[in-house]
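Here is how names work: the chains are called A, B, and so on, in the same order as the sequence lines, proteins then strands, and each is numbered from 1.
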2 protein chains.
Amino acid sequence: MSEIPILRIGRVLLVSIQVDMHDQLALALQDELTNRIVHDNARGVMIDISALEIVDSFIGRMLNNIAAMSRVLDAVTVVVGMRPAVAITLVELGLTLTGVRTALDVDRGLALVQRIMAEHGDGPAVLGDGDDAGRAG
Amino acid sequence: MSEIPILRIGRVLLVSIQVDMHDQLALALQDELTNRIVHDNARGVMIDISALEIVDSFIGRMLNNIAAMSRVLDAVTVVVGMRPAVAITLVELGLTLTGVRTALDVDRGLALVQRIMAEHGDGPAVLGDGDDAGRAG
């Protein structure tokens, strides 16, 4: 289990970070994510950090990098599931994650991506019913 | 990071298994999942095993247990992201996961839960647009 799975929900890619990140894993994740944004025609990247008890400057930089890469590929990055203690530490460390959108949980993250897509005149990120839940084609 | 995050997508709970499972972690996951099904009024449980290169009898039994517990709480369990090699091994081991529904990926898993919910006369599992993506209240 050396890689982090990237799950597709409609036109949003979801990554749940559960393992300790190190340089190589972070690089592999960035590489895979950018490939998947292009391949899946994704408009949003959601990164769940609810399993993380600590977000240090390394993770903070990784989140900023992913957001910047996604942005140039026209996808919005939303960090979800941040623990209250993590928010306190981030601000104390001066890591305010500029350029990264946040949402309380996956549901609100999806809603945020949908709102941003609607502003850009895109269709829904996730279809509500029918057999194809948001598949592009 | 001793626990596996349970992510809520509308009325579906998503669990992505990325770490090595052991007895205590499996029990904690079952405990937390059943609590969340009741608390979140969930109708579906999706378990992503795309990170697993091996599914042994322990994992197979855990998946069966989760499916059985969810069923008595009126929620359907869908295993998604199974690797081809895992499917071969499962059949060779005689672990055919009876009682567990499977889908190729998260999108199709969500569609399956939605279809089952529609058959039971429920609303959509995930709303397509608007600000509240499938929140119950």
Side-chain angles (χ1 to χ4, degrees), chain A residues 1-21 25 29 36 40 42 44 46-54 80-83 103-115 117-118 122-136, chain B residues 1-21 25 29 36 40 42 44 46-54 80-83 103-115 117-118 122-136:
Chain A
M1 295 181 228
S2 55
E3 61 185 57
I4 298 176
I6 298 172
L7 308 177
R8 179 179 164 165
I9 305 170
R11 294 181 71 186
V12 179
L13 301 177
L14 172 64
V15 180
S16 176
I17 295 179
Q18 298 174 21
V19 294
D20 283 319
M21 296 301 292
L25 193 57
L29 177 62
R36 287 286 299 272
D40 291 353
M46 219 167 0
I47 303 176
D48 166 64
I49 59 167
S50 60
L52 299 187
E53 285 167 12
I54 296 165
V80 303
M82 188 183 294
R83 298 183 180 205
L104 209 56
D105 52 33
V106 170
D107 263 358
R108 294 180 201 210
L110 278 177
L112 176 61
V113 174
Q114 282 171 350
R115 211 153 51 226
M117 282 176 62
D122 268 323
V126 182
L127 293 180
D129 37 22
D131 279 358
D132 55 344
R135 300 193 74 79
Chain B
M1 295 181 228
S2 56
E3 61 185 59
I4 298 176
I6 298 172
L7 307 176
R8 180 180 163 163
I9 305 170
R11 294 181 69 186
V12 179
L13 301 176
L14 172 64
V15 180
S16 176
I17 295 179
Q18 298 174 21
V19 294
D20 282 320
M21 295 300 292
L25 192 57
L29 178 62
R36 286 285 300 271
D40 291 353
M46 220 170 355
I47 303 176
D48 167 64
I49 59 167
S50 60
L52 299 187
E53 284 167 11
I54 296 165
V80 302
M82 189 183 294
R83 297 184 181 205
L104 209 56
D105 52 32
V106 170
D107 263 357
R108 293 178 201 209
L110 278 177
L112 177 60
V113 174
Q114 282 170 350
R115 212 155 51 228
M117 282 176 62
D122 268 323
V126 183
L127 293 180
D129 38 21
D131 279 357
D132 56 343
R135 299 191 75 78

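- For A:Leu14, the part lying under 4.5 angstrom from a heavy atom of chain B is the side chain only.
- Atom CD1 of residue A:Ile6 and atom CG of residue B:Asp48 lie 11.5 Å apart, to the nearest 0.5 angstrom.
- To the nearest 0.5 Å, atoms CG (B:Leu7) and CE (A:Met46) are separated by 8.5 Å.
- Annotation for A:Asp107 and B:Arg8: closest pair OD1-O, 3.3 Å, computed over non-hydrogen atoms.
- Comparing B:Ser50, B:Ser16, B:Ala118 by how many heavy-atom pairs each has under 4.5 Å with chain A, the most go to B:Ser16.
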